[in-house]
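What you see is a predicted model, and the numbers here were worked out from it, not measured in a lab.
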Amino acid sequence: MSDEPQSWAPRDSSGAGASSGNDRPTASGEQPGKQPGQKPGRSGKPGKPGKKARPRRTGWRRAIPTWRMALGTLLGLVVLLGAGIFAAYRLVDIPAANASATAQSNVYLYSDGSVIARDGDVNREKVKLSQVPPTVRHAVLAAEDRDFYTDDRAVDVKAMLRAGWNTVTGKGKQGGSTITQQYVKNYYLGQERTVLRKAKEAIIAVKLNRQQTKDQIFEGYLNTSYFGRNAYGIQAAAQAYYGKNVEELTTAEGAYLASLLNAPSAYDVIARPGNRPAAQRRWNYVLGGMVKERWLTAAERATTRFPTPGEAKPSNGLSGQRGYIVQAVEDYLNRRGILDAKTLATGGYRITTTLDKAKQDAFVEAVDDNVMAKTSADRAADRNVRVGGASIVPKTGKVVALYGGIDYTKQYVSNATRRDYQVGSVFKPFVLASAVVNDSTTQDGRRITPNTVYDGTNKRTVVGVQGSTDYAPANEDDVDYGDITVRVATDKSVNSVYAQMAQDVGPAKVRDTAIALGIPADTPDLTAAPSIALGTANASVLDMAEAYATLADHGRHGGHVLVEKVTKDGAEIDLPERTTDQAVSREAADTTTAVLRSVVEGGTGTAAQAVGRPAVGKTGTAEEDRAAWFAGYTPDLASVVAVMGQNPDTGAQTPLYGALGLSRVNGGGAPAETWAAYTEAALRSSPAQEFDLRPAPGSDEGDELLIDENADGGTAPSSSADPDASPDSTSDTTPDSTPGGSAPPTSGTSTGGNTSGNTSGDTTGGADAGAVSVPDGNG
């Protein structure tokens, strides 16, 4: 080995130093530029011998992601979607219900359950699930979601995707929703079809499914779904299509209503007769589903027939008598502290009244036949004719009929409940009742009975405890009657007698008796003066019917009843119980009834005999003949009719002279005729009843009375007199018993508030003189 140093050239690891074309093998057999162990003709990374390097992507191939990229992207999207759903679930709360979803109408019903009116914009009445028959529930499930009770899922994802695909591909918009989702849409959201709404619907449905039971959700769904015909909810639908409550629906009817949920306008076979084939197919589908789910047997299905619904009825609204009834019921509920106006306005109340549909219809017919049919467009006075009526069962106080006017949409003020017309001489029986109640006497000490004699001279000055009161009411047509009994004075409605009798009894006591019978204490012009006897008070027709019902029930008073039952969402609201008391003695009430019987038998109310059964009554006429009244009763029904004059443009009260083709309208004419026609129809199916009367001693018509020949007709001063007096006018007499009555007052006769021939002197007597205008009479 040489000791001389050797010279080495550095190795070029890149192989750049290898000469071109001189790649011969080395002594070890390796080619220049190759790494040890690398196979000839192959390239690769160290440690991976024999693997060929992946060529770089070029051209269009560069746009296609690799499977690794696709998988990573998909996983990322899944994570993001999950995070989004989680966030949405946390952020989206169950919202408050739609105002439209909770809105309900108040429903007013006759005593038999038939609908009188609805007063809300939305025709909906909520019911409990238990009120819906099982077959009707099963029909809805068969039509909409057969797995509702067995499937815990609130959202049907596959159905949603399928519906979305059908919508995108033009196969029609479809919901693909479970009952829970549909309820969420109806109750919490809206009907718009957007992706955002659908997403919120699904989230809320899931949350709701965790918070409410299936029954709660299903009940909500039935109460919010739309069935067509402006009917929201199953109860409104039952009424709209079959005129019955949901509890009364049959299996066939329930299946038809369930069919409507899919597309109401497509399956209403009445609105569009061409829908029948499609409707029957859908109905068969529903029933088939019920059989498949074993909710209906094949035998029952085989006997089920398609239930054609009734004609679509226009909205009840408030036309005709409906508005007057609703108005009266609302006032009744408010005055008795049951429901105030604000609470009632929230809707959803089901109010069953005491009104009898047959009697209500009979009242309308009686008014049409005896009053409205006699009006003419050619007579100016007939424009002013108004009619009010009320009918009460004496023993129960139930109002069975109420007539407010020709049409609430044309005349908004109810003539049955208004308190701005004088009642006239229909008030006089209260004076007689008060005389018996208080065991009153004339000024010479004779007990007042139906046979007590009074001076019936026209314009006779009423005498008080301190002498003359300067109040001298005129009789109708200035008729002088001389000495007559109270019974005859009642028959002929003699003002001079009753004004003096009120003074003898005591005007304050007369007022108290009227209030006890049922006249409200706050009645306008219920003034304790002698003129109170002539009906200066402005009580309503309903008020007078209540007071007369008290007389009919032998003096027992308990107030009238207009509402029997009130419920909301199936829960019943407590109503105050009716209690009665002996407002006046039976003797007083029965004595009054006995006297009023002769008014019908031979007095001013003979037209009432057309009722064809025992009846009593009294006629009345307001100041200047602005209203004519008849109030009467049988043992089982008390009713009042009033014909009133009112200018339709100004609202001012007007005389009825010339109306109905008559010179004057009085109580013995159209009001008594209407009363008789109504009462006969209302009681046609009931046997006639006789009055069971126990009048006060000395009240019988044949009783002998000892009359002091020196007494001035029983008009001597009385210790119970009241010096207060008010102006008065004329009274009804025998002309009242004929429809036409007598001619209108002319010069020298009564013209209303002032008595004829004494326009000054008759208005100056007493503290209240001139303060109260009085009726012309009681015709």
What pairs meet the ring pair (Phe, Tyr, Trp, His ring centres under 6.0 Å) rule with one or both residues in residues 519-554, with sequence neighbours excluded? F430-Y548

Hey, are R586 and D692 close enough for a salt bridge, meaning a charged N less than 4.0 Å from a carboxylate O? yes

Candidate pair N106 and R118, rule side chain to side chain contact (heavy atoms under 4.5 Å, CB included), full reasoning: CA-CA 6 Å; N106 291 320; R118 300 177 186 273; over 6 Å; no

Count the heavy atoms belonging to other residues, nucleotides or ligands that lie under 6.0 Å from CD of E365, then report whether that count exceeds 12. no

Is it the case that the side chain of Q609 and the backbone of E601 share a donor-acceptor pair, with hydrogens and angles ignored and the cut-off at 3.5 Å? yes

Donor-acceptor contact present, side-chain Q321 to main-chain V364, <3.5 Å: no

Heavy-atom check, side chain of W629 versus side chain of V541, under 4.5 Å: yes

Taken to the nearest 0.5 Å, the spacing of D439 CG from E587 CD works out to 9.5 Å

Should the pair D512-K509 be classified as a salt bridge under the 4.0 Å nitrogen-to-oxygen rule? no

From CG (L432) to NZ (K618), nearest 0.5 Å: 11.5 Å

Would a 4.5 Å heavy-atom cut-off, applied to side chains only, mark V486 and V595 as touching? no

Can you tell me how far apart CD1 (I484) and OG1 (T452) are? Round to the nearest 0.5 Å. 12.0 Å

Side chains of F427 and I532: closer than 4.5 Å at any heavy-atom pair? yes

Return the minimal non-hydrogen interatomic distance between A677 and N370, and the atom names on each side. CB-ND2, 3.5 Å

I need the minimum non-hydrogen distance between L526 and A537, along with the two atoms involved. CD1-CB, 3.8 Å

Are any non-hydrogen side-chain atoms of D581 and R556 less than 4.5 angstrom apart? no

Once the angle between the rings of Y332 and H560 is folded into 0 to 90°, is it parallel (under 30°), tilted (30 to 60°) or perpendicular (over 60°)? tilted

Looking only at side chains, do D636 and T634 share a donor and an acceptor under 3.5 Å apart? yes

Exam field: side chain N647 to backbone T650, donor-acceptor pair closer than 3.5 Å: yes

Salt bridge check: are K357 and D112 linked by an N-O gap of less than 4.0 Å? no

Any donor-acceptor pair under 3.5 Å linking the side chain of R578 with the backbone of V561? no

Taking side chain as C-beta onward, heavy atoms only, is L318 less than 4.5 Å from V326? yes

With no hydrogens and no angle check, just 3.5 Å: does a side-chain donor-acceptor pair link Y633 and T593? yes

Give the C-alpha distance, both sets of side-chain angles, the deciding distance and a yes or no for side chain to side chain donor-acceptor pair (under 3.5 Å) between T354 and Y110. CA-CA 7 Å; T354 57; Y110 286 111; over 6 Å; no

So how far is it from N384 CG to T375 OG1, rounded to the nearest 0.5 Å? 11.5 Å

Taking the side chain as every heavy atom from C-beta outward, state whether R322 and Q327 have any pair of such atoms under 4.5 Å apart. no

Under 4.0 Å between a Lys/Arg side-chain N and an Asp/Glu carboxylate O for E673 and K374? yes

Holding to side-chain hydrogen bond (donor to acceptor under 3.5 Å, both in side chains), I want the full list of residues that pass it with D649, two or more places apart in sequence or in another chain. R383

For the residue pair T674 and P671, establish whether any side-chain heavy-atom pair is separated by less than 4.5 Å. no

Find out whether K428 and T490 are in side-chain contact, i.e. whether some heavy atom of one side chain is under 4.5 Å from a heavy atom of the other. no

Between Y108 and D119, do the side chains contain a donor N or O and an acceptor N or O under 3.5 Å apart? yes

What closest approach, in Å, do A328 and L402 show between heavy atoms, and which atom pair accounts for it? CB-CD2, 3.6 Å

Any salt bridge between R694 and D590, counting N to O under 4.0 Å? no

Test side chain to side chain donor-acceptor pair (under 3.5 Å) applied to S376 and D382, step by step: CA-CA 6 Å; S376 171; D382 286 347; 5.2 Å; no

Short question: side chain of N415, backbone of G404 - any donor-acceptor pair under 3.5 Å? yes

Testing V107, L333, L562 one by one against I351 for a side-chain contact (heavy atoms from CB on, under 4.5 Å), which residue passes? L333

Step by step, would you call D407 with T409 a side chain to side chain donor-acceptor pair (under 3.5 Å)? CA-CA 5 Å; D407 190 328; T409 62; 2.8 Å; yes

With K565, which residues qualify under side chain to side chain contact (heavy atoms under 4.5 Å, CB included), at least two apart? T352, T567, E572

Contacts satisfying side-chain hydrogen bond (donor to acceptor under 3.5 Å, both in side chains) that involve residues 389-401 (not counting sequence neighbours) are S391-S639, S391-Y678, K398-E564

Is a side-chain N or O of T606 found less than 3.5 angstrom from the main chain of G602, in a donor-acceptor match? no

Sequence neighbours excluded, which residues qualify as salt bridge (Lys or Arg N to Asp or Glu O under 4.0 Å) partners of R511? none

For Q653 and R386, which I'm curious about, is there any donor-acceptor pair between the side chains at under 3.5 Å? no

Check for a donor-acceptor pair, side chain of T591 on one end and backbone N or O of A696 on the other, with a separation under 3.5 Å. yes

Can you find a side-chain donor-acceptor pair between D356 and S111 that sits under 3.5 Å? no

Kindly give the heavy-atom pair with the smallest separation between V611 and A676, and that separation in Å. N-CB, 3.9 Å

From CE (M544) to CG (L517), nearest 0.5 Å: 9.5 Å

For residues P507 and A528, report the shortest heavy-atom separation together with the two atoms involved. CB-C, 3.3 Å

Residue pair P394 / A552: nearest heavy atoms and the distance that separates them: CG-CB, 3.7 Å

Distance only, no hydrogens: is a donor on one side chain within 3.5 Å (strictly under) of an acceptor on the other, for N438 and S434? yes

Taking it one step at a time, do H557 and Q582 satisfy side chain to side chain donor-acceptor pair (under 3.5 Å)? CA-CA 6 Å; H557 175 255; Q582 196 69 40; over 6 Å; no

Under the side-chain hydrogen bond (donor to acceptor under 3.5 Å, both in side chains) rule, collect the residues that match up with N334, sequence neighbours excluded. none

Is the side chain of Q503 donor-acceptor paired with the backbone N or O of P530 at a distance under 3.5 Å, no angle test? no

Spacing of CD1 belonging to I338 relative to CG belonging to L575, to within rounding of 0.5 Å: 5.0 Å

How about D420 and N538: does a side-chain donor come under 3.5 Å of a side-chain acceptor? no

Say whether, by atom type as modelled, one donor and one acceptor occur between the side chain of D368 and the main chain of A373 under 3.5 angstrom. no

Could you verify whether a donor N or O on one side chain and an acceptor N or O on the other, from S496 and Y454, lie under 3.5 Å apart? no

Is the side chain of S414 donor-acceptor paired with the backbone N or O of A416 at a distance under 3.5 Å, no angle test? yes

